[in-house]
Amino acid sequence: MLPFKLIYSDAYYLPIGQHVFPAEKYRRVQQQLIDSSIADLSDFLTPQPASDQDILLVHTPQYVNKLKTGTLSAREELELEIPYSSDLVDAFWLAAGGSILAAEQALKDGVAVNIGGGFHHAFPDHGEGFCMIHDVAVAIRRMQKDGKIARAMTVDCDVHHGNGTAAIFPPSRNAANPLPSAAPGAGIAPAQSSVFTISLHQQNNYPAVKPPSAIDVNLPDGTDDAQYLHWLDNALSSGLRQFTPELICYVAGADPYREDQLGGLALTIDGLKQRDLLVFKVAKARGIPVMVTYAGGYARRVEDTVTIHANTVAAAAEVFAR
Ligand SMILES: [Zn+2]
């Protein structure tokens, strides 16, 4: 039995038909965790869907209304890059509920993994890049609303820039290292600077427009394990010098993998596990709880994506073993 919880539901499956996004990966990760004895069924908690009220902590009433009434425009559906259905809406509300539960559990146990979520390309007023609802942002806002935390840090290691995250939580202009691209004098409300965003991503990849995170690490094509771990270590050290979070939201994308169809970095499966270990070790050393979400993963062989995601749980188990 693990010293922390995994959040999972069969209803995480995204009903999107044949798609580069392997919607069956969630079920396969759960199966692999059990088959390989990394976890047993008692380690899993079943989430409830987020409430509309929770979703509205991040998303605009107009966008939520369009989703619930099936009135996205053709252009908005195209931008989402997955086919709209009311079942798909339900799956995203459930993913957000899973991330809320993962955040609550992380605050209790030091770490928790949502075997789903990480939809970091969703904006307050629209979805894009396979992401309808920003489950991580919803979880952060809900924890803040409940008074469980004031400050959170996102550590986004998906191969794609966390554009939705950066737009929802614009960096404070008082940050120690303001980025040249940040609009000078932009008014930032205190609540917005309560979340510090870090994104490590391939520079030459989607999204074309990358709104500034507090720390953006723009990695060149072909970045390998050693280079990636070096940059991640630096980004974590720099972020934690500037900001003291009460919760780290780790977006553990599987797509920095060298065999990924939508990524251009060159990490190995072992390198990705080293990445997970580094994030967990840093968080544990500082006593900061971590909630994990999975985000993308488009390996040519789906089993590689599944292994990379399962390894994230194995890495947490190694670091947080009692
Ligand atoms: Zn991605």
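Judged purely by distance below 3.5 Å, without hydrogens or angles, the side chains of Thr312 and Asp276 pair a donor atom with an acceptor atom. Using modelled atom types, one finds no donor on one side chain facing an acceptor on the other under 3.5 Å when comparing His120 with Asn163. For the residue pair Gln242 / Ser238, a side-chain donor-acceptor distance below 3.5 Å is found, with atom types taken as modelled. A donor and an acceptor atom, one from each side chain of Asp10 and Tyr26, are nowhere located under 3.5 Å apart. Counted by atom type alone, Tyr250 and Arg275 present one or more donor-acceptor pairs between their side chains at under 3.5 Å. Inspection of the Asp156 and Ser199 side chains reveals no N or O donor paired with an N or O acceptor under 3.5 Å. Between the side chains of His201 and Asn218, at least one donor N or O sits under 3.5 Å from an acceptor N or O. At a cut-off of 3.5 Å, with distance as the only test, a side-chain donor of Trp93 or Asp52 sits close to an acceptor on the other residue. Counted by atom type alone, Asp40 and Ser42 present one or more donor-acceptor pairs between their side chains at under 3.5 Å. Side-chain atoms of Asp54 and Ser51 include a donor-acceptor pair closer than 3.5 Å. A donor-acceptor contact closer than 3.5 angstrom links the side chains of Asp225 and Thr268.
Side-chain contact between Phe196 and Pro171 is absent, with no heavy-atom pair separated by less than 4.5 Å. Proximity of Leu240 to Val282: side-chain heavy atoms (C-beta onward) are separated by under 4.5 Å at one or more points. Residues Leu72 and Glu79 have side chains not in contact (no heavy-atom distance under 4.5 Å, counting atoms from C-beta outward). Inter-residue side-chain proximity for Ser9 and Leu94 is flagged as met; some heavy-atom pair is nearer than 4.5 Å. Using a 4.5 Å heavy-atom cutoff, the side chains of Val313 and Ile115 are in contact. The shortest side-chain heavy-atom distance between Ile198 and Thr154 does not fall under the 4.5 Å cut-off.
What you find for Leu6 and Ala39 is that their closest heavy atoms are CD1-CB, 3.7 Å. For Ser36 against Gln32, the heavy-atom pair with the smallest separation is OG-O, 2.6 Å. When all heavy atoms are compared, the tightest approach of Asp135 to Gly118 is OD2-N, 2.9 Å. Minimum interatomic distance between Leu2 and Asp43 (heavy atoms only, all atoms of both residues): N-OD1, 2.8 Å.
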> Step by step, would you call Phe130 with His19 a ring pair (Phe, Tyr, Trp, His ring centres under 6.0 Å)?
Replying inline: CA-CA 10 Å; Phe130 320 150; His19 197 283; 4.9 Å; yes
>> Test salt bridge (charged side-chain N to carboxylate O under 4.0 Å, His left out) on Lys25 and Glu303; report intermediate values, then the result.
In response: CA-CA 8 Å; Lys25 74 176 184 178; Glu303 52 266 46; over 6 Å; no
> What do the steps show when you test Phe320 against Asp109 for side chain to side chain contact (heavy atoms under 4.5 Å, CB included), and what is the final call?
Replying inline: CA-CA 9 Å; Phe320 291 92; Asp109 297 331; over 6 Å; no
>> Is there a side chain to side chain contact (heavy atoms under 4.5 Å, CB included) between Val136 and Phe119? Walk through the geometry before answering.
In response: CA-CA 7 Å; Val136 178; Phe119 296 111; over 6 Å; no
> Under the side chain to side chain donor-acceptor pair (under 3.5 Å) criterion, do Asn114 and Tyr8 qualify, and how do the steps go?
Replying inline: CA-CA 6 Å; Asn114 187 7; Tyr8 172 75; over 6 Å; no
>> Pair Phe4, Gln105 - check side chain to side chain contact (heavy atoms under 4.5 Å, CB included), show working.
In response: CA-CA 8 Å; Phe4 55 87; Gln105 287 298 135; over 6 Å; no
>> Show, in sequence, the C-alpha distance, side-chain angles and deciding distance for Met132 and His121, and conclude whether the side chain to side chain contact (heavy atoms under 4.5 Å, CB included) test is met.
In response: CA-CA 8 Å; Met132 181 183 276; His121 301 311; over 6 Å; no
> Where do Gln30 and Arg27 land on the side chain to side chain donor-acceptor pair (under 3.5 Å) test, with the steps shown first?
Replying inline: CA-CA 5 Å; Gln30 191 209 28; Arg27 182 186 54 75; over 6 Å; no
>> side chain to side chain donor-acceptor pair (under 3.5 Å) for Ser213 and Asp216? Distances and angles first, verdict last.
In response: CA-CA 6 Å; Ser213 312; Asp216 278 309; 2.8 Å; yes
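Between Arg301 and Asp304 there is a salt bridge, with a side-chain nitrogen of the basic residue lying less than 4.0 Å from a carboxylate oxygen of the acidic one. The pair Lys5-Glu104 does not meet the salt-bridge criterion, since no charged nitrogen lies less than 4.0 angstrom from a carboxylate oxygen.
Criterion: ILVMFWY side-chain heavy atoms under 4.5 Å apart, direct or through other members. Under it, Val209 and Val159 are not part of a common hydrophobic cluster. In the hydrophobic cluster analysis, where Ile, Leu, Val, Met, Phe, Trp and Tyr join through side-chain heavy atoms closer than 4.5 angstrom, Val290 is grouped together with Leu45. Both Ile269 and Leu33 belong to a single network of hydrophobic side chains, linked directly or stepwise wherever heavy atoms of I, L, V, M, F, W or Y lie under 4.5 Å apart. Residues Ile133 and Tyr13 do not share a hydrophobic cluster, clusters being chains of Ile/Leu/Val/Met/Phe/Trp/Tyr side chains in contact below 4.5 Å. A single hydrophobic cluster is seen to contain both Ile248 and Leu232, as judged by linkage of ILVMFWY side chains at heavy-atom distances under 4.5 Å, directly or through other members.
Under the rule for a side chain to side chain donor-acceptor pair (under 3.5 Å), the partners of Asp35 that lie at least two apart in sequence or sit in another chain are Gln31. The side chain to side chain donor-acceptor pair (under 3.5 Å) search around Arg75 returns none, not counting sequence neighbours.
Here the options are Arg151, Glu246, Gln144, the test is side-chain hydrogen bond (donor to acceptor under 3.5 Å, both in side chains), and the partner is Ser194; only Gln144 passes.
The environment of Glu24 atom CD is dense: over 12 non-hydrogen atoms of other residues, nucleotides or ligands sit within 6.0 angstrom.
Aromatic ring centres of Phe123 and His134 lie farther apart than the 6.0 Å criterion allows.
The aromatic rings of Tyr294 and His309 sit parallel, their planes meeting at an angle under 30°, below the 60° perpendicular limit. Aromatic ring orientation, Tyr63 versus His59: tilted (interplanar angle from 30° to 60°).
At least one donor-acceptor pair under 3.5 Å links the side chain of Arg300 to the backbone N or O of Glu259. A donor-acceptor pair under 3.5 Å is absent between the side-chain atoms of Asp146 and the main chain of Lys148, judged by distance alone.
Distance check, rounded to the nearest 0.5 Å: OG1 of Thr223 to CH2 of Trp231 gives 9.5 Å. Once rounded to the nearest 0.5 Å, the distance linking CG of Leu236 with CE of Met153 reads 7.5 Å.
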